Amino acid sequence: MIPLARKTLVHEWRRFVPAVFAVGFSGVLLVVQAALVLGIFGSAAIYVTASTADLWAGYPGTQSVNYGRGVRPDVEMRLRMDLAVADVEPFLWVDGDWHDAGNAGGGVSVYVSGIRTAADGLMFSRVLPPGLRLRLAEPGTVVVDRADLATLGVQPGGQGWINGRKVRVIEAVPNLRALGGVNMIASLETARLLGGDLPAGATYYVARLADPAQASAVRDRLNRAGNAAAFGPSEVWTSAQFARRSQLHWVLDTGAGVAVLFMALIVCLVGAVITSQSLTAVVAGSAREYAVLNALGASRFALSRVVMEQACWIGGLGLLLAAGISSALLAVAAGQDVPVAMTPKVSALCAVLVGCLALFSGLASIRGLLRADPAVLLR
């Protein structure tokens, strides 16, 4: 009976095309939704993921990078005292209000990241090439995301005002967008100038280890109360831990994250309904053929196997269609600076979900076999 499923798909392909498109459409919706979630909320941790630091030290209990509070300079010394630490540098976070040179319109909220501008600096090392880092050593210069140029009303080389002080945008780079504002990168000196009367120390201290594989062990050692108390309030996280902590805060603890997750659930439900109805229509349309097979001795179990194999083939073809369309859409979105991202794990999860949708839809459509009674042939 199983070869019958494949032969039916080949010879009556027009009947199954809507179901394949339904599965593919569900897959596209799911992948695009997942890519937007990863891209949008991934920007909450761009400060961590775009840097090559292994450890982050900040104020205890900090939920997300943008909620950082100042820590004392002694924290830097505590990090340097550990033999596993190879390098330490400060990171300053300054909230600012941007006005373009013409002072037209209202202000724009900006987040200024003050970093060490040496060519071997840790912060934003995956975004800023060494030459651009050195250019930031000039006082009053900043780097922005190219997608934010229109928001700021400026072009590279143009000027503006942050907290009443003049700055010059020297370059625009990709992959630097922020949640709820505009990211800007400046030198530590420029950031302190823009921040006004900032206390000594930094918002965070980041560290590079001689052996990154020891990050968890070094973190635990530095967080021991007896060792850290004398250096002021601080907590140390691994880079992966702090990035995940920031993303989960925005996804689970904010209204925006809950809304996006609810939309993702709706996408799954809509996809399941569409796919189920399409497969049910296919089975219902073949009721007389199934009735003939039942009259010839084919059991309902054997007919159910045929339906389930058809559902698997439809799911597989739908996945291929979804993969092609989703790849094209995400490529176009990335080219237009839309915040999208995708990982192999999430791609695999989306494929599994779409496959499950096809299988469950196949199970739901089996009820159409109840109409495959030989008696219908006498009507």
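Just so it is clear, the values below take in all heavy atoms, side chains as well, and ignore hydrogens, waters and symmetry mates. What you are looking at is a predicted structure, and each value in this text was computed from that prediction instead of being measured. Heads up: numbering here begins at 1 and tracks the sequence.
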Run the side-chain contact (heavy atoms from CB on, under 4.5 Å) check on Q33 and L29 step by step: do they pass? CA-CA 6 Å; Q33 184 76 22; L29 286 177; over 6 Å; no

If we ignore hydrogens and angles and just use 3.5 Å, is the side chain of T62 paired with the main-chain N or O of Y59 as donor and acceptor? yes

Indicate whether the side chain of S51 and that of S125 have a donor and an acceptor atom separated by less than 3.5 Å. no

Show your working on side chain to side chain donor-acceptor pair (under 3.5 Å) between S187 and T117 and close with a plain yes or no. CA-CA 6 Å; S187 66; T117 58; over 6 Å; no

Partner residues of E235 under the salt bridge (charged side-chain N to carboxylate O under 4.0 Å, His left out) criterion, sequence neighbours left out: none

Measure the shortest side-chain to side-chain distance between L330 and V31 over non-hydrogen atoms and say whether it is less than 4.5 angstrom. yes

Measuring from atom CD of Q241 to atom OG of S246, what distance do you get when rounded to the nearest 0.5 angstrom? 10.0 Å

State whether the side chain of E89 and the backbone N or O of M123 hold a donor-acceptor pair below 3.5 Å, judged by distance alone. yes

Within the side chain of W161, is there an N or O that forms a donor-acceptor pair under 3.5 Å with the backbone of W98? no

When every non-hydrogen atom of C312 is compared with those of L359, the smallest separation belongs to SG-CD2, 3.5 Å

I162 and its side chain to side chain contact (heavy atoms under 4.5 Å, CB included) partner, picked from V110, L193, V94: V110

Using every non-hydrogen atom in the two residues, find where S326 and G27 come nearest and quote the distance to one decimal. OG-O, 4.3 Å

Closest contact, heavy atoms only, R192 versus L92: CG-CD1, 3.3 Å

Looking only at heavy atoms, what is the nearest atom pair of A86 and A210, with distance? CB-N, 3.9 Å

Would you indicate whether the side-chain heavy atoms of I185 and L128 approach each other to under 4.5 Å? yes

Sub-4.5 Å side-chain heavy-atom contact between R78 and L222: yes

Once rounded to the nearest 0.5 Å, what's the spacing between atom OG1 of T238 and atom CD of Q214? 13.0 Å

Contact summary for V142 and A186, nearest pair of heavy atoms: CG1-CB, 4.0 Å

Rounded to the nearest 0.5 angstrom, the CD1-CG distance for I325 and L320 is 11.0 Å

How long is the straight-line distance from CZ of R245 back to NE2 of H249, given to the nearest 0.5 Å? 10.0 Å

Closest heavy-atom contact between L329 and V32? CD1-CG2, 4.3 Å

How far does CZ of R146 sit from CZ of R177, to the nearest 0.5 angstrom? 10.5 Å

Kindly indicate, with the supporting measurements, whether the criterion salt bridge (Lys or Arg N to Asp or Glu O under 4.0 Å) is fulfilled by D120 and R133. CA-CA 9 Å; D120 60 348; R133 299 181 71 92; over 6 Å; no

Under the criterion side-chain contact (heavy atoms from CB on, under 4.5 Å), I'd like the reasoning laid out for V144 against L149: C-alpha separation, chi angles, the key distance, then a yes or no. CA-CA 8 Å; V144 303; L149 290 174; 3.7 Å; yes

Is there a side-chain contact between D145 and V182 in this structure, where contact means two heavy atoms from C-beta onward sitting under 4.5 Å apart? no

Any donor and acceptor pair, going by atom type alone, linking the side chain of S43 with main-chain N or O of I46 inside 3.5 Å? no

With a 4.5 Å heavy-atom cut-off, do Q159 and V167 have their side chains touching? no

Would N183 and Y47 count as a side chain to side chain donor-acceptor pair (under 3.5 Å) if you check the C-alpha gap in whole Å, the side-chain angles of each, and the deciding distance to 0.1 Å? CA-CA 10 Å; N183 273 333; Y47 318 93; 2.7 Å; yes

Output yes when a side-chain donor or acceptor of R219 lies under 3.5 Å from a complementary backbone atom of L55, and no otherwise. no

Pair S113-W93, side-chain donor/acceptor within less than 3.5 Å: no

Is the backbone of S216 close enough, under 3.5 Å, to the side chain of R221 for a donor and an acceptor to pair up by distance? no

Would Y205 and W56 count as a side-chain contact (heavy atoms from CB on, under 4.5 Å) if you check the C-alpha gap in whole Å, the side-chain angles of each, and the deciding distance to 0.1 Å? CA-CA 6 Å; Y205 286 98; W56 283 64; over 6 Å; no

Taking L317 as the starting point, is it possible to reach L353 by hopping between hydrophobic residues whose side chains are less than 4.5 Å apart? yes

Is the shortest side-chain heavy-atom distance between P130 and L134 below 4.5 Å? no

Start with the C-alpha gap between V108 and D100, add the side-chain angles, then the distance that decides, and say whether side-chain contact (heavy atoms from CB on, under 4.5 Å) holds. CA-CA 9 Å; V108 177; D100 59 31; over 6 Å; no

All N/O donor-acceptor pairs, side-chain side in residues 168-175, below 3.5 Å, sequence neighbours left out:
| from | atom 1 | to | atom 2 | distance (Å) |
| --- | --- | --- | --- | --- |
| R168 | NH2 | E138 | OE1 | 2.9 |
| R168 | NH2 | E138 | OE2 | 3.0 |

Grouping I, L, V, M, F, W and Y whenever their side-chain heavy atoms are under 4.5 Å apart, do V154 and V112 come out in a common cluster? yes

Partners of R208 by side chain to side chain donor-acceptor pair (under 3.5 Å), sequence neighbours excluded? none

Does the D54 side chain pair with the main chain of L209, one donor and one acceptor, at a distance under 3.5 Å? yes

Should F124 and L176 count as side-chain neighbours, where that means a heavy-atom distance under 4.5 Å? yes

Are L132 and V127 grouped together when hydrophobic residues (ILVMFWY) are joined by side-chain heavy atoms under 4.5 angstrom apart? yes

Below 4.5 Å, heavy atoms only, C-beta onward: do P339 and L36 meet side chain to side chain? no

Flag, side chain of N163 to backbone of G96, donor-acceptor distance under 3.5 Å: no

With ring-ring contact (aromatic ring centres under 6.0 Å, His included) as the test, would you mind laying out the steps for F242 and Y204 before giving the verdict? CA-CA 12 Å; F242 199 33; Y204 299 98; 5.6 Å; yes

Linked, directly or transitively: V206 and V85 (ILVMFWY side chains, under 4.5 Å): no

Between CG on residue N66 and CG on residue D95, distance to nearest 0.5 Å: 8.5 Å

